[in-house]
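Notes follow the structure.
All chains are named by letter (A, B, ...) in the order of the sequence lines, taking the proteins before the strands, and each is independently numbered beginning at 1.
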There are 2 protein chains.
Amino acid sequence: MAHSTRSQLLVTARELFAERGFYGVSIANIATELGLTKQALLHHFPTKEKLYGEVLKEISGELEELLAEIAASSEQPAQRLRRFYARLVSDDADDAIRARLLMRELLDNRYRAETAGVWRLKPFLKSLIAMAKEAPGWSHATDAQALALVYQLLGAVNYYAISAPTLRGILGGPGARALKQAFPAQLETLVEAAIKSPPG
Amino acid sequence: MAHSTRSQLLVTARELFAERGFYGVSIANIATELGLTKQALLHHFPTKEKLYGEVLKEISGELEELLAEIAASSEQPAQRLRRFYARLVSDDADDAIRARLLMRELLDNRYRAETAGVWRLKPFLKSLIAMAKEAPGWSHATDAQALALVYQLLGAVNYYAISAPTLRGILGGPGARALKQAFPAQLETLVEAAIKSPPG
DNA sequence: CTTGACACCTACCGATTGGTAAGTCAACAT
DNA sequence: ATGTTGACTTACCAATCGGTAGGTGTCAAG
């Protein structure tokens with residue numbers, strides 16, 4: 001049932017929530033996008049919150065999957081981290097949508113925290129910390145230091161990932177394209193430089 | 001008129017927009033926070049959009065002011081950049097509110113772009129790029145490369161700045177405090193390492 | 001031929017949204 | 001005394017919000 005109404009609703013909801021935020025989208029918006037009424041949506045998802053929660057669950061699952069895939073590789077720790085961050089900044093439109101929705105959740109969840117099980121990000125961060133501490137020079141770092149590192153890099157990637165429309169506005173098409181081209185190499189440099197500068 | 005109703009409304013609006021986003025806050029919410037009716041607010045600001053626009057204008061002004069202040073100092077370029085980023089991650093609650101609101105604007109402005117004059121961030125980014133290109137080894141970098149650098153660092157700082165509640169949820173109080181303590185030093189390391197790794 | 005489940009609909013609900021209209025009331029200038 | 005003005009109010013509006021109630025039509029199983 002890859003194209004069932006239900007899964008189409010989830011896809012559409014993800015896109016709209018990512019673009020306009022939870023309060024910026026009505027269930028009617030989501031349903032009419034597929035030529036349905038909001039009652040059709042409510043037939044598949046009992047409430048708006050539940051729908052949002054399911055979108056979030058899908059996303060956290062995808063993230064863990066991605067990290068697990070890279071963690072399972074036989075590369076060096078530093079190389080794995082580089083590849084992980086590079087992967088997050090891919091051109092894939094779905095990745096941008098996911099980054100936007102996660103950023104919004106980061107901003108909003110103070111007001112929806114426990115209801116949606118947001119702390120799902122916890123194992124994801126734990127894995128990242130573990131990966132960082134395997135890098136040369138980082139084995140003696142504290143968890144807080146390793147977390148600061150991976151979190152800063154996460155920020156470097158995701159901040160950019162959500163900025164595409166704004167940057168295109170500020171820089172214009174050619175400027176935005178030049179940035180898009182320069183960004184990955186600069187990011188790799190940043191990740192490498194950061195790992196090579198362990199604390200202490 | 002430092003404590004005029006008008007300026008109090010602007011302060012309250014900034015806080016609430018930062019916490020819940022444009023669509024998550026009603027003008028009635030903002031007004032009742034000060035014991036007023038929403039019509040009192042509409043007396044001072046003709047529409048909700050105009051109110052939001054004024055908040056945004058204030059904020060971009062503050063950012064440019066901060067950057068100008070640091071740019072005017074006699075420090076070395078690299079030192080100025082380090083201090084600028086460190087300043088953004090201060091404990092100041094107002095800084096956190098500003099970071100949250102800017103992040104929301106970054107996410108939302110595709111749908112409100114020209115109306116609110118968001119491209120005000122442009123001179124701010126230009127100044128940052130100029131400051132980066134003054135650092136040793138960066139004079140031959142392209143604008144796109146310098147922008148990639150400063151934008152990544154901006155992301156590293158702001159992503160963390162908006163994450164406080166979520167991280168407290170994930171890590172618990174002690175863990176969050178340890179991170180808060182480790183973050184600035186790690187950030188300085190990151191900025192330094194990044195500047196010392198010019199492209200090419 | 002009937003039954004029941006499923007997917008979806010129209011009709012409706014009370015609450016809330018941003019905003020308008022038309023005041024009231026105190027302070028101040030003439 | 002008499003306007004005028006600024007700050008704020010109550011009363012109201014149509015539109016939209018999330019959600020409920022009670023259908024209709026289709027299709028497969030018995």
Side-chain angles (χ1 to χ4, degrees), chain A residues 1-57 101 104-105 107-109 111-117, chain B residues 1-57 101 104-105 107-109 111-117:
Chain A
M1 291 304 162
H3 295 85
S4 68
T5 298
R6 190 189 145 89
S7 65
Q8 279 183 288
L9 282 168
L10 279 170
V11 169
T12 306
R14 180 193 292 221
E15 289 172 4
L16 291 183
F17 282 142
E19 284 309 322
R20 300 186 229 159
F22 183 80
Y23 297 111
V25 182
S26 70
I27 51 178
N29 292 152
I30 298 167
T32 53
E33 195 83 3
L34 295 174
L36 299 173
T37 64
K38 66 174 173 176
Q39 287 73 16
L41 185 152
L42 288 169
H43 172 69
H44 293 281
F45 306 92
T47 68
K48 188 187 184 184
E49 287 280 355
K50 285 269 168 56
L51 168 61
Y52 180 82
E54 291 225 31
V55 170
L56 216 60
K57 200 167 92 182
L101 201 139
R104 289 192 183 277
E105 180 56 20
L107 287 163
D108 287 345
N109 75 350
Y111 290 90
R112 199 172 34 246
E114 45 281 354
T115 50
Chain B
M1 293 303 164
H3 296 84
S4 67
T5 298
R6 190 190 145 89
S7 64
Q8 279 184 290
L9 281 167
L10 279 170
V11 169
T12 306
R14 181 194 291 221
E15 288 172 6
L16 291 182
F17 282 142
E19 282 310 321
R20 302 187 229 158
F22 183 80
Y23 297 110
V25 182
S26 70
I27 51 179
N29 292 153
I30 298 167
T32 54
E33 194 84 2
L34 295 175
L36 299 173
T37 63
K38 67 173 173 175
Q39 287 74 15
L41 186 153
L42 288 170
H43 173 68
H44 293 281
F45 306 92
T47 67
K48 187 187 184 184
E49 287 280 354
K50 285 269 168 58
L51 168 62
Y52 180 82
E54 291 224 29
V55 170
L56 216 62
K57 200 166 92 182
L101 201 138
R104 289 192 183 278
E105 179 55 20
L107 286 162
D108 287 345
N109 76 349
Y111 289 91
R112 199 172 33 246
E114 46 280 354
T115 51

Report which part of the nucleic acid A:I27 touches: base, sugar-phosphate, or nothing (heavy-atom distance under 4.0 Å, all strands).
sugar-phosphate
Any idea which of C:dG18, C:dG19, D:dG19 is nearest the A:K48 side chain?
D:dG19
Evaluation steps, side chain to side chain contact (heavy atoms under 4.5 Å, CB included), between B:K48 and B:F22
CA-CA 9 Å; B:K48 187 187 184 184; B:F22 183 80; 3.8 Å; yes
Atom-pair distance ([atom1] on [X]; [atom2] on [N]), nearest Å:
| X | N | atom1 | atom2 | value |
| --- | --- | --- | --- | --- |
| B:I30 | D:dC8 | CD1 | P | 15 Å |
| A:R20 | D:dT16 | CZ | C1' | 14 Å |
| B:L42 | D:dC12 | CG | C1' | 14 Å |
| A:Y23 | D:dT16 | OH | C1' | 17 Å |
| B:L34 | D:dA7 | CG | P | 15 Å |
| A:R6 | C:dC8 | CZ | P | 12 Å |
| A:F45 | D:dG19 | CZ | C1' | 16 Å |
| B:L9 | D:dC8 | CG | P | 8 Å |

Do the ring planes of A:F17 and A:Y52 sit parallel (below 30°), tilted (30 to 60°) or perpendicular (above 60°)?
perpendicular
Collect all protein-nucleotide pairs involving nucleotides 9-13 of chain C in which both atoms are nitrogen or oxygen and the distance is under 3.5 Å.
unit_1	atom_1	unit_2	atom_2	d
C:dC9	OP2	A:T37	N	3.0
C:dC9	OP2	A:T37	OG1	2.7
C:dA11	N6	A:Q39	NE2	2.9

Contacts of type side chain to side chain contact (heavy atoms under 4.5 Å, CB included), residue [X], not counting sequence neighbours:
| X | value |
| --- | --- |
| A:T32 | none |
| A:T12 | A:L16, A:I30, A:E33, A:L34 |
| B:L10 | B:F45, B:L51, B:E54, B:V55, B:E58 |
| A:H44 | A:T5, A:R6, A:L9 |

Phosphate oxygens OP1/OP2 of [N]: is one of them under 4.0 Å from a side-chain N or O of [X]?
| X | N | result |
| --- | --- | --- |
| A:H43 | C:dC8 | no |
| A:T5 | C:dA7 | no |
| B:H44 | D:dG6 | no |
| B:S26 | C:dT17 | yes |

Rounded to the nearest 0.5 Å, how far apart are OG1 of B:T37 and NE2 of B:H43?
11.0 Å
Who pairs with A:S26 by side-chain hydrogen bond (donor to acceptor under 3.5 Å, both in side chains), at least two apart in sequence or on another chain?
A:N29
Polar atom pairs (N or O), protein with nucleotides 25-28 of chain C, under 3.5 Å:
none

Please list, chain by chain and in numerical order, all residues satisfying salt bridge (charged side-chain N to carboxylate O under 4.0 Å, His left out) with A:E15, sequence neighbours excluded.
none
